[in-house]
Amino acid sequence: MDITKTIQSKIEQTDFDNLSFGKCFSDHMFSISFKNNEWQKPEILPYGPLSLNPGTHVFHYGQAIFEGMKAYKNEQGETLLFRPQENIKRLNRSADRLCMPRIDEAIFMQGLTTLLEIDRDWIPQSDSMSLYIRPFMIADSEFIRATPANEFKFMIITSPTSTYYAGKTNLKIEQKYARSVVGGTGFAKAAGNYAAAFAPTKKVQNEGFTQIIWTDALSHEYIEECGTMNIMFRIDDKIITPKLSESILGGITRDSIITIAKQKDIEVEERRISVSEIIEHYNNGRLKEAFGVGTAVTINPIDSITFNDTVINIEEINENSYATVLKSELLGIQYGKIEDVNGWIFKL
Ligand SMILES: *Cc1c(COP(=O)(O)O)cnc(C)c1O
């Protein structure tokens with residue numbers, strides 16, 4: 001691997017106490033190109049601009065996919081990754097769907113671990129902070145014929161972040177737009193899924209809501225996800241969450257929370273969940289909690305859900321809520337404070 005280090009680190013000018021999510025980037029980046037049907041020599045170089053001609057394929061047809069994961073420091077100052085193989089597998093599922101080349105686990109892991117060694121001072125030593133990792137792939141062939149590109153770039157950039165508190169979360173159940181459809185790209189982490197979600201999201205935010213609860217594209221009767229997170233409900237003492245499908249993204253946080261809940265003898269059901277079922281549980285007093293789950297916020301309790309004229313107000317979260325208990329368990333494992341019985345932690 002070619003390694004070029006920065007002449008002037010930006011770390012001294014970085015205010016780690018006032019990080020806003022995804023705006024500050026560490027000193028280096030990993031990059032590897034795909035040409036002539038194979039991955040070329042990997043390199044690490046100072047974080048900086050790319051030079052791409054206007055005819056570059058990704059600008060026109062959006063062959064772009066990404067991942068989101070975090071590196072944590074434990075109390076001994078060692079760097080920990082959480083289930084990185086799951087991110088690689090998902091990146092390759094996304095690559096297959098978007099007609100992009102797969103990346104070897106070895107290339108990905110070597111690039112990532114070398115980058116994290118070089119930028120290790122950017123991983124905050126604090127259990128309320130971590131280094132957000134953004135691997136991504138774009139099509140950088142230079143042609144605008146509407147056929148798949150044959151040249152690509154895979155890169156990894158990183159950004160220090162604090163575990164942010166999302167504030168009050170008031171969601172609206174979407175009845176017109178769809179984030180994804182069965183047969184589409186909803187299960188892939190495709191950049192275009194996000195582009196398509198921005199306008200509907202902005203619309204509900206203008207109405208005073210925080211985010212959308214996405215429903216199935218055909219009937220808008222079944223709940224799929226909330227914002228860019230998977231969603232879970234607590235009905236009495238049981239957790240229910242939409243079963244994965246082609247239109248739902250399989251979150252690694254979702255999978256981990258399901259596993260941890262079961263290990264704590266909490267019953268978990270993965271199945272279709274209709275909007276009317278949730279309203280009925282609410283009316284019967286059985287809906288105790290609702291929360292979103294994803295890498296950026298771990299677990300985000302939901303305060304209210306609005307469906308047309310019905311407003312579901314969820315009680316204040318208390319200390320023993322499932323959201324609180326499961327979140328502290330997951331964070332404990334991620335920061336190396338709680339024993340990792342599932343073999344999820346990769347130590348550098
Ligand atoms: C990334 C993402 C999630 C959460 O996945 P994690 O692996 O838990 O971070 C959920 N839904 C969508 C649409 C996503 O893009």
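In each ligand, atom 1 is the first atom listed, and ligand 1 is the first ligand listed.
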Do F30 and F154 have side chains that get closer than 4.5 Å, going by heavy atoms?
yes

Do F66 and V297 share a hydrophobic cluster, counting only Ile, Leu, Val, Met, Phe, Trp and Tyr and linking them when any side-chain heavy atoms are less than 4.5 Å apart?
no

Report yes or no: does R179 have a heavy atom closer than 4.0 Å to ligand 1?
yes

May I ask you to list the atoms of ligand 1 that are less than 4.0 angstrom from any heavy atom of T295?
6 (P), 7 (O), 8 (O), 9 (O)

When distances are taken from atom 5 (O) of ligand 1, the protein heavy atom at minimum range is G251 CA, 3.3 Å

Which atoms of ligand 1 have any heavy atom of R90 under 4.0 Å away?
5 (O), 6 (P), 7 (O)

Rounded distance (nearest 0.5 Å) linking atom CG of L112 with atom CD1 of I156
5.0 Å

Just go through T228, I252, N193 and tell me whose heavy atom is the nearest to atom 7 (O) of ligand 1.
I252

Could you report the tightest heavy-atom contact between S26 and Y47, atom names first, then the distance?
O-CB, 3.4 Å

With atoms numbered from 1 as shown, which atoms in ligand 1 lie under 4.0 angstrom from a non-hydrogen atom of Y194?
14 (C), 15 (O)

Considering only protein heavy atoms, which is closest to atom 12 (C) of ligand 1, and at what distance to one decimal place?
E225 OE1, 3.4 Å

Is there a heavy atom in M69 that sits closer than 4.0 Å to ligand 1?
no

Atoms of ligand 1, numbered as shown, that sit under 4.0 Å from any heavy atom of N230
10 (C)

For atom 2 (C) of ligand 1, what is the closest protein heavy atom, and at what distance to 0.1 Å?
K189 NZ, 2.5 Å

